[in-house]
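Report on one structure; see the data block that follows.
Indexing begins at 1, ligand by ligand and atom by atom, following the structure's order. Quantities reported herein were computed from a predicted structural model and do not represent experimental measurements.
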Amino acid sequence: MTHRGGFEGLDSCVHCGFCLQACPTFLATGDESDSPRGRIELMRALETGELAAADPGVALHLDRCLGCRGCEPVCPSGVSYGRGLEAARALLTEHRGVPPLVRAALGALTGADVSRVVYAVARLVRATGIPGGLAGWGRFRFAMGMLAATKPKVGGGRWRSVKVRGGTSPNLHQPPPTSTSSPVLLFRGCVMEGLFSHVHDATIRTLQVNGYAVREVPAQVCCGALHAHAGLRDEARRLARMNVAAFGDDDTPIVVNSAGCGAMLKEYGHLVDGSADGERFVGRVRDVSELLAERGPRPGAPLDVTVVYDPPCHLLHAQRIAEPPERMLGAIPVLRVVSTPDAAQCCGSAGLFTLLEPAMSRAVLAPKLASLAEVRPQVVATGNPGCLMQLGAGLAAAGIPAAVRHPVELLDESYRAAGYYA
Ligand code: SF4
Ligand code: SF4
């Protein structure tokens with residue numbers, strides 16, 4: 001069998017067009033070449049050599065793809081669009097190299113030593129509160145809004161608008177983990193560890209309340225998602241092998257609270273040459289919402305708050321996880337989840353896309369902000385760092401007074417109010 005490196009997943013496309021209305025870039029431009037069907041034709045032509053990697057049209061339309069995979073669940077033929085896109089981007093990268101901005105962003109966000117400094121500086125700047133004041137439209141101001149959106153809010157800022165109805169729950173103090181708690185290993189990631197360590201803390205606490213004992217894996221590295229999306233498959237493969245080795249070969253579940261990282265970790269079987277080690281690793285990867293939903297999760301104290309849940313594409317489309325986050329929010333009495341018509345559409349974050357393709361990114365974000373402006377929730381909940389930053393920056397720029405939270409933060413706050421952490 002000829003190994004076609006991911007392009008074979010595109011062969012089942014029958015050009016029906018069912019995917020067009022699920023594609024945010026097609027909805028933004030109306031151009032067939034910005035649709036999944038059009039891009040599949042471009043990718044096939046790239047594979048066969050009918051179109052060259054140097055063809056500017058190919059690069060333009062493939063660069064403008066979010067990689068959100070919103071086209072996959074609606075496809076009746078089961079086209080593996082995401083794998084085809086990564087194969088095509090690897091060919092483009094072979095031809096044109098890695099753009100300096102991409103290389104710089106990868107180094108800053110995922111480089112072992114550089115990123116430590118970058119995140120430390122970012123946290124210092126964030127602590128001044130200045131980014132929140134500068135948030136707005138335009139590249140710099142949007143970036144400031146993204147940084148401001150990473151700030152822990154428990155006990156401060158907009159979080160005060162969430163009223164806990166005291167005294168309505170018994171004290172459900174949870175004893176520390178025991179030998180009967182189920183062990184799980186935490187995947188920490190890069191952006192999550194650098195800017196969202198408070199979400200890791202909430203993950204550990206809420207899992208503990210539900211009978212899990214979280215263990216650390218010090219030798220883990222970046223999941224490689226940003227590298228794979230940039231066409232750097234060899235670098236992604238190297239990182240995948242390091243993670244497979246770091247997490248060992250037993251059956252302990254690996255818990256992830258970043259949808260983008262989780263989707264990438266679940267690709268390791270394919271990325272690490274379909275090896276048994278890679279496949280076994282994939283079988284252990286669980287989103288935090290899946291683990292919590294398996295245990296109920298245990299109910300917390302009421303939070304009087306209106307929430308829009310915005311599912312990350314890499315949770316809903318790539319991992320097909322829809323119900324578990326809603327069950328997490330359902331464990332919080334009084335909390336109201338309000339739906340918006342375009343919740344399943346991408347927010348335009350898409351890894352580095354928001355930095356590299358700002359015009360398309362904002363065009364994709366615009367209808368979602370319009371829906372949120374109508375609903376006016378107090379909180380927009382989503383389980384991915386890029387989405388939290390993109391939505392937070394967009395809400396601030398549009399003047400919509402809603403906070404962004406990871407769903408596990410809301411459950412954590414509810415558990416805190418219930419006395420689980422007393
Ligand atoms: S990708 Fe799927 S839904 Fe889209 S045109 Fe091809 S077969 Fe139809
Ligand atoms: S991955 Fe997203 S942006 Fe790209 S073609 Fe599919 S639906 Fe459209």
Side-chain angles (χ1 to χ4, degrees), residues 4 6-47 51 57-92 225-226 228-231 259-260 262-264 266-267 270 310-320 322 341-368 382 384 386-387 390-391:
R4 294 166 57 202
F7 286 105
E8 65 277 11
L10 305 176
D11 292 348
S12 53
C13 179
V14 294
H15 314 287
C16 65
F18 285 173
C19 54
L20 267 59
Q21 294 304 314
C23 175
T25 57
F26 176 73
L27 295 178
T29 69
D31 185 338
E32 170 77 13
S33 296
D34 284 325
S35 79
R37 182 172 63 184
R39 290 188 177 117
I40 286 168
E41 284 311 295
L42 293 175
M43 290 191 270
R44 282 172 153 174
L46 189 61
E47 187 202 10
L51 282 174
V58 174
L60 174 74
H61 296 294
L62 294 188
D63 284 348
R64 291 209 303 208
C65 175
L66 295 148
C68 68
R69 297 169 64 178
C71 43
E72 288 188 7
V74 297
C75 173
S77 299
V79 167
S80 293
Y81 181 91
R83 285 188 188 169
L85 179 68
E86 279 185 10
R89 284 188 168 159
L91 276 185
L92 287 180
L226 296 179
H229 298 167
M264 185 64 195
K266 288 180 177 176
E267 287 289 313
H270 150 75
D310 197 77
C313 295
H314 282 87
L315 198 64
L316 183 64
H317 305 315
Q319 299 185 61
R320 311 283 167 102
D342 46 12
Q345 292 276 352
C346 183
C347 65
S349 168
L352 299 179
F353 192 91
T354 189
L355 302 174
L356 304 175
E357 300 284 340
M360 180 65 87
S361 173
R362 305 304 176 262
V364 168
L365 176 61
K368 199 172 277 279
T382 188
N384 188 58
C387 308
Q390 174 90 348
L391 287 166

Return yes if some donor-acceptor pair links the side-chain N/O of [X] with the main-chain N/O of [Y] below 3.5 Å, else return no.
| X | Y | answer |
| --- | --- | --- |
| Ser35 | Glu32 | yes |
| Arg44 | Leu10 | yes |
| Glu8 | Gly6 | yes |
| Gln345 | Lys368 | no |
| Glu72 | His317 | no |
| Asp310 | Thr382 | no |

Interfacing atoms of ligand 1 (cut-off 4.0 Å, heavy-atom, [X]):
| X | value |
| --- | --- |
| Ile40 | 1 (S) |
| Val14 | 6 (Fe), 7 (S) |
| His15 | 5 (S), 6 (Fe) |
| Cys75 | 1 (S), 2 (Fe), 3 (S), 7 (S) |
| Gly17 | 5 (S), 8 (Fe) |
| Ser77 | 7 (S) |

**OP:** Give a yes or no on whether a salt bridge exists between Glu86 and Arg83, defined as a side-chain N under 4.0 angstrom from a carboxylate O.
**Re:**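 A salt bridge is absent here (no side-chain N lies under 4.0 Å from a carboxylate O).
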Of all the non-hydrogen atoms in the protein, which one sits nearest to [atom], and at what distance?
| atom | answer |
| --- | --- |
| atom 3 (S) of ligand 2 | Leu66 N, 3.5 Å |
| atom 6 (Fe) of ligand 1 | Cys13 SG, 2.4 Å |
| atom 8 (Fe) of ligand 2 | Cys23 SG, 2.4 Å |
| atom 4 (Fe) of ligand 2 | Cys65 SG, 2.3 Å |

Original post:
Where on Arg39 is there a heavy atom closer than 4.0 Å to ligand 2, on the side chain, on the backbone, on both, or on neither?
Top reply: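 Only the side chain of Arg39 comes within reach of ligand 2.
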Original post:
Which is it for Tyr81 and ligand 2 at heavy atoms under 4.0 Å: side chain, backbone, both or neither?
Top reply: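 Side chain only.
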**OP:** Decide, counting backbone as well as side-chain atoms, whether Cys71 has an N, O or S atom less than 2.8 Å from atom 6 (Fe) of ligand 2.
**Re:**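 Yes, since at least one N, O or S atom of Cys71 sits under 2.8 Å from atom 6 (Fe) of ligand 2.
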Subject >> Atom of Leu62, atom of Ala88 and distance for their closest heavy-atom approach >> reply: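 Heavy atoms only, the tightest pair is CD1-CB, 3.9 Å.
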Subject >> Closest non-hydrogen atom pair, Met43 against Tyr81 >> reply: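 So the minimum-distance heavy-atom pair works out to CE-CE1, 3.4 Å.
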Original post:
Atom OG of Ser349 and atom CG of Leu355: how far apart are they, to the nearest 0.5 Å?
Top reply: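 Atom-to-atom, Ser349:OG and Leu355:CG are 8.5 Å apart.
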**OP:** Mind checking the OG-CZ spacing from Ser33 to Phe26? Nearest 0.5 Å is all I need.
**Re:**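 Result: 10.5 Å between the selected atoms.
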**OP:** Using 2.8 Å as a strict upper limit, say whether an N, O or S atom of Cys16 approaches atom 4 (Fe) of ligand 1 that closely.
**Re:**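 No, since none of the N, O or S atoms of Cys16 sits under 2.8 Å from atom 4 (Fe) of ligand 1.
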**OP:** Enumerate the atoms of ligand 2 whose separation from the nearest heavy atom of Gly67 is less than 4.0 angstrom.
**Re:**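 Checking each atom against Gly67, I get 1 (S), 4 (Fe).
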**OP:** Any atoms of ligand 2 less than 4.0 Å from a non-hydrogen atom of Arg69? List them with their elements.
**Re:**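 This gives 1 (S), 2 (Fe) as the contact atoms.
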**OP:** Mind checking whether Leu20 contacts ligand 1 via backbone (N, CA, C, O), side chain (CB onward), both or neither, at a 4.0 Å heavy-atom cut-off?
**Re:**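 No part of Leu20 is near ligand 1 at this cut-off.
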**OP:** Would you kindly specify which portion of Pro36 sits under 4.0 Å from ligand 1, judged on non-hydrogen atoms: side chain, backbone, both or neither?
**Re:**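 Neither part.
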Original post:
Applying a strict 4.0 Å limit to heavy atoms, is Pro76 in contact with ligand 1?
Top reply: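 Right, Pro76 reaches ligand 1.
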Subject >> Pair Arg39-Thr25, side-chain donor/acceptor within less than 3.5 Å >> reply: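 Side chains of Arg39 and Thr25: pair found under 3.5 Å.
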Subject >> atom 4 (Fe) of ligand 2 reached by Cys68 (N, O or S, under 2.8 Å) >> reply: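 Given the 2.8 Å cut-off, Cys68 does not count as a ligand of atom 4 (Fe) of ligand 2.
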